[in-house]
Visitor: 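Submitted below is the structure of interest, expressed as structure tokens.
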Amino acid sequence: MSHSEHIVIVGGGLAGATTAIELRKRGHAGQITLISSEEHLPYERPPLSKDFLQGKSAVKDFTVREEEYYTEHDITLQRGVTVTGLDRAERVVRLSDGTSLGYDQLVLATGARPNTGGSAPIEGAQLPGVHLLRSIEDSQALRENLGEGSTLAIVGSGWIGMEVAASATQLGAKVTVITPDAIPLAAVLGERFGEHLLKIHRAQGVDFKLQTKVRSIHADHGELLVDTDAEPIRADHVLLAIGAVPNTELAAAAGIQTDSGIVVDASLRSSDSNVLAIGDVAQAFNTTLRRQLRVEHWDNAARQGALAASTLTGGDDKYDWYPYFFTDQFDLGMEFVGQAEAGDEAVFRGGEDEFIVFYLREGVIRAAMNVNLWDVNDTLRGLIGRSIEPERLRDPQIDLESL
């Protein structure tokens with residue numbers, strides 16, 4: 001491609017901002033326009049359920065770059081504007097302010113939105129006091145209503161639900177988690193880790209309604225009444241934390257191939273070679289795992305932003321890294337790398353509170369997780385793909401580096 005081409009990036013999150021930053025680092029001299037539906041400067045989202053929600057950090061602490069950076073590097077930021085249409089033949093995007101913008105190369109970093117029930121939305125999801133968590137404003141609104149004596153019902157026991165349960169409890173709220181799962185996150189990380197997490201939360205006062213489905217939410221005498229297939233739950237506020245839906249509509253309407261996300265190859269190009277997709281919305285081909293993946297985590301957003309910049313400046317880098325994510329809940333800190341699946345053998349190494357889990361499939365390490373143990377994740381990453389006897393993995397007398 002020409003270094004004078006105009007590159008338009010749709011989406012002002014970490015993935016989109018990283019693409020713009022890396023393009024300049026790689027010497028792209030053409031125009032770069034970054035379009036964000038939010039008024040904020042591009043920012044990272046993990047703190048919204050953790051430190052920012054708890055009031056321990058400010059927006060500036062997780063803003064990707066200050067405004068001066070974009071000015072100094074000639075990156076045009078269009079904030080508070082959405083892209084309403086895409087004309088691939090003319091290479092033009094139509095904006096919500098009535099203007100249009102031409103592009104030579106387009107990067108879709110449109111992210112995902114909170115799920116409110118899919119094709120059968122939860123009745124009452126739009127009531128005052130029912131919250132979602134995706135933006136700074138969402139986190140602020142939730143925090144303003146949490147504190148000593150407040151009650152919060154969380155629908156869902158995935159990462160957001162469990163992180164908010166921890167944060168809200170630390171703010172003094174009484175939290176009830178309602179989930180259809182028997183054990184939180186067991187389907188992702190196995191029953192033993194899920195039970196460990198459940199034990200930690202219960203010890204801190206979090207109540208769980210397991211194997212329970214929500215039917216509807218109603219306003220009732222100044223409270224919210226969550227109707228379930230068991231007993232009704234009363235709370236001052238409700239958080240819906242039942243997953244996310246990728247924002248594929250813009251691409252699909254333009255005739256770009258979509259599936260569970262925007263389908264892209266290992267260089268992040270879509271079925272239109274002039275359009276890339278990255279981050280939460282991208283269903284990308286991973287050359288190491290030999291399959292399409294859509295990953296909704298911070299690490300993936302940052303890495304795919306850099307990969308998109310490489311692709312756009314003529315590089316031959318590919319999507320070849322293992323998925324990575326982390327969480328912090330109460331005194332638990334965890335990092336996970338790789339791709340585990342249901343049925344994988346879980347091999348534990350360590351004690352009750354500090355341990356490593358290896359996930360094996362047909363004797364080969366496919367993923368690993370470190371809990372309250374630090375500076376080992378790079379070593380664990382290097383073990384993925386190797387066949388190591390479970391007895392050796394379990395033995396704490398055998399140094400990780402020597403495995």
Side-chain angles (χ1 to χ4, degrees), residues 5-24 28 30-45 48 59-60 62-114 116 132-141 244-256 258 261-262 268 270 272 274-282 296 301-302 304-305 308-309 312:
E5 286 188 338
H6 181 194
I7 298 174
V8 173
I9 303 165
V10 182
L14 176 61
T18 300
T19 303
I21 292 165
E22 291 294 326
L23 280 169
R24 288 296 187 231
H28 177 68
Q31 186 178 354
I32 300 173
T33 302
L34 181 59
I35 303 170
S36 175
S37 60
E38 298 189 60
E39 292 288 352
H40 300 283
L41 291 166
Y43 62 91
E44 302 174 5
R45 298 189 190 277
L48 300 182
V59 172
K60 64 179 178 61
F62 52 94
T63 295
V64 179
R65 290 287 191 279
E66 293 301 322
E67 190 161 11
E68 292 77 14
Y69 175 90
Y70 299 97
T71 302
E72 292 169 359
H73 291 82
D74 195 22
I75 298 169
T76 302
L77 278 178
Q78 292 193 225
R79 292 186 271 170
V81 181
T82 58
V83 174
T84 58
L86 165 59
D87 185 332
R88 295 195 292 126
E90 296 295 327
R91 294 194 198 176
V92 168
V93 291
R94 295 186 294 276
L95 309 180
S96 57
D97 62 5
T99 63
S100 296
L101 188 64
Y103 67 86
D104 294 300
Q105 300 283 327
L106 182 68
V107 180
L108 298 178
T110 48
R113 62 187 181 276
T116 57
L132 303 172
L133 185 58
R134 185 69 185 179
S135 68
I136 287 172
E137 288 76 13
D138 291 340
S139 188
Q140 288 173 325
V245 180
N247 296 318
T248 59
E249 291 80 3
L250 180 65
I256 293 172
T258 63
I262 300 173
L268 304 178
S270 73
D272 181 331
N274 296 309
V275 180
L276 283 69
I278 60 175
D280 292 1
V281 76
E296 297 175 0
Q304 287 194 348
L312 290 166

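Only heavy atoms go into these numbers, but all of them, side chains included; no hydrogens, no water, no symmetry mates.
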Visitor: Working to the nearest 0.5 angstrom, can you tell me the gap between Ile262 CD1 and Leu276 CG?
Guide: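 The CD1 atom of Ile262 sits 10.5 Å away from the CG atom of Leu276.
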Visitor: State plainly whether the residues Arg65 and Glu72 are in salt-bridge range, i.e. N to O under 4.0 Å.
Guide: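 No, this pair does not count.
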Visitor: Quick check: closest heavy atoms across Leu34 and Pro42, and the distance to 0.1 Å?
Guide: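 Reported closest heavy-atom pair: CD2-CG, 3.9 Å.
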Visitor: Is any side-chain heavy atom of Thr248 closer than 4.5 Å to a side-chain heavy atom of Val281?
Guide: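 Result yes, sub-4.5 Å side-chain heavy-atom pair found.
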Visitor: Would you mind telling me which of Val275, Leu95, Leu108 makes a side-chain contact (heavy atoms from CB on, under 4.5 Å) with Val10?
Guide: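 Answer after filtering Val275, Leu95, Leu108: Leu108.
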Visitor: Please list all pairs meeting side-chain hydrogen bond (donor to acceptor under 3.5 Å, both in side chains) that have one or both residues in residues 6-21, counting only residues at least two apart or in different chains.
Guide: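 Of all non-adjacent pairs touching residues 6-21, those that pass side-chain hydrogen bond (donor to acceptor under 3.5 Å, both in side chains) are His6-Thr33.
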Visitor: Can you list the residues that meet the side-chain contact (heavy atoms from CB on, under 4.5 Å) rule with Ala302, with sequence neighbours excluded?
Guide: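 side-chain contact (heavy atoms from CB on, under 4.5 Å) check on Ala302 returns Leu14.
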Visitor: Glu67: what forms a salt bridge (Lys or Arg N to Asp or Glu O under 4.0 Å) with it, not counting sequence neighbours?
Guide: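 With neighbours one apart ignored, the set is Arg79.
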Visitor: So which atom in Gln31 and which in His28 form the shortest heavy-atom distance, rounded to 0.1 Å?
Guide: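 The pair with the smallest heavy-atom distance is O-NE2, 3.9 Å.
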Visitor: For Arg134, give me all partners under salt bridge (Lys or Arg N to Asp or Glu O under 4.0 Å), at least two apart in sequence or on another chain.
Guide: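 Scan of Arg134 (salt bridge (Lys or Arg N to Asp or Glu O under 4.0 Å), adjacent residues dropped) gives Asp280.
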Visitor: Can you name the side-chain contact (heavy atoms from CB on, under 4.5 Å) partners of Leu132, sequence neighbours left out?
Guide: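 Here the qualifying residues are Pro114, Thr116, Leu240.
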Visitor: Could you pull out all residues at least two apart from Glu22 that satisfy salt bridge (Lys or Arg N to Asp or Glu O under 4.0 Å)?
Guide: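 If we apply the salt bridge (Lys or Arg N to Asp or Glu O under 4.0 Å) test to Glu22, skipping adjacent residues, the hits are Lys25.
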Visitor: Measure from the side-chain N and O atoms of Thr110 to the backbone N and O of Asn247, and report whether any donor-acceptor pair falls under 3.5 Å.
Guide: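 Side chain of Thr110 to backbone of Asn247, a donor-acceptor pair under 3.5 Å: yes, one is there.
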Visitor: I'd like to check the side chain to side chain donor-acceptor pair (under 3.5 Å) partners of Glu137; sequence neighbours left out, ordered by chain and number.
Guide: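 Per chain and number, Glu137 pairs via side chain to side chain donor-acceptor pair (under 3.5 Å) with His40.
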Visitor: Holding to salt bridge (Lys or Arg N to Asp or Glu O under 4.0 Å), I want the full list of residues that pass it with Glu39, two or more places apart in sequence or in another chain.
Guide: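 Residues passing salt bridge (Lys or Arg N to Asp or Glu O under 4.0 Å) with Glu39: none at all.
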Visitor: Holding to side-chain contact (heavy atoms from CB on, under 4.5 Å), I want the full list of residues that pass it with Val59, two or more places apart in sequence or in another chain.
Guide: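 For Val59, the residues satisfying side-chain contact (heavy atoms from CB on, under 4.5 Å) (neighbours in sequence not counted) are Phe52, Phe62, Thr63, Ile136.
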Visitor: May I have the step-by-step check of side-chain contact (heavy atoms from CB on, under 4.5 Å) for Asp138 and Leu48, ending in yes or no?
Guide: CA-CA 8 Å; Asp138 291 340; Leu48 300 182; over 6 Å; no
Visitor: What residues form a side-chain contact (heavy atoms from CB on, under 4.5 Å) with His73, not counting sequence neighbours?
Guide: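 Only Arg24, Tyr69, Ile75 meet the side-chain contact (heavy atoms from CB on, under 4.5 Å) criterion with His73.
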Visitor: Are any of the side-chain heavy atoms of Val83 and Val8 separated by less than 4.5 Å?
Guide: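 The answer is no, as the side chains (C-beta and beyond) never meet within the 4.5 Å cut-off.
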Visitor: If the condition is side chain to side chain donor-acceptor pair (under 3.5 Å), which residues does Gln78 pass it with, not counting sequence neighbours?
Guide: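 Here no residue qualifies.
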Visitor: Quick check: closest heavy atoms across Ala15 and Ala109, and the distance to 0.1 Å?
Guide: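 What the structure gives for the nearest pair is CB-CB, 4.4 Å.
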Visitor: Is there any side-chain hydrogen bond (donor to acceptor under 3.5 Å, both in side chains) pair reaching into residues 87-103, and which pairs are they, with sequence neighbours excluded?
Guide: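 Checked against side-chain hydrogen bond (donor to acceptor under 3.5 Å, both in side chains) - neighbours excluded - the pairs reaching residues 87-103 are Thr82-Ser96, Arg88-Asp272, Asp97-Thr99.
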Visitor: About how many Å separate CG of Leu106 and CG of Asn274, when rounded to the nearest 0.5 Å?
Guide: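 So the CG of Asn274 and the CG of Leu106 are separated by 9.0 Å.
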Visitor: Just verifying a value: how many Å separate Ser135 OG and Leu133 CG, rounded to the nearest 0.5 Å?
Guide: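 Rounded to the nearest 0.5 Å, the OG-CG separation comes out at 7.5 Å.
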Visitor: Do you know which two heavy atoms are closest between Gly279 and Gln304, and how far apart they sit?
Guide: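 Distance-wise, the nearest heavy atoms are N-OE1, 2.8 Å.
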Visitor: Report the C-alpha separation of Leu77 and Leu41 in whole Å, then their side-chain angles, then the decisive distance to 0.1 Å, and conclude whether the side-chain contact (heavy atoms from CB on, under 4.5 Å) test is met.
Guide: CA-CA 9 Å; Leu77 278 178; Leu41 291 166; 3.7 Å; yes
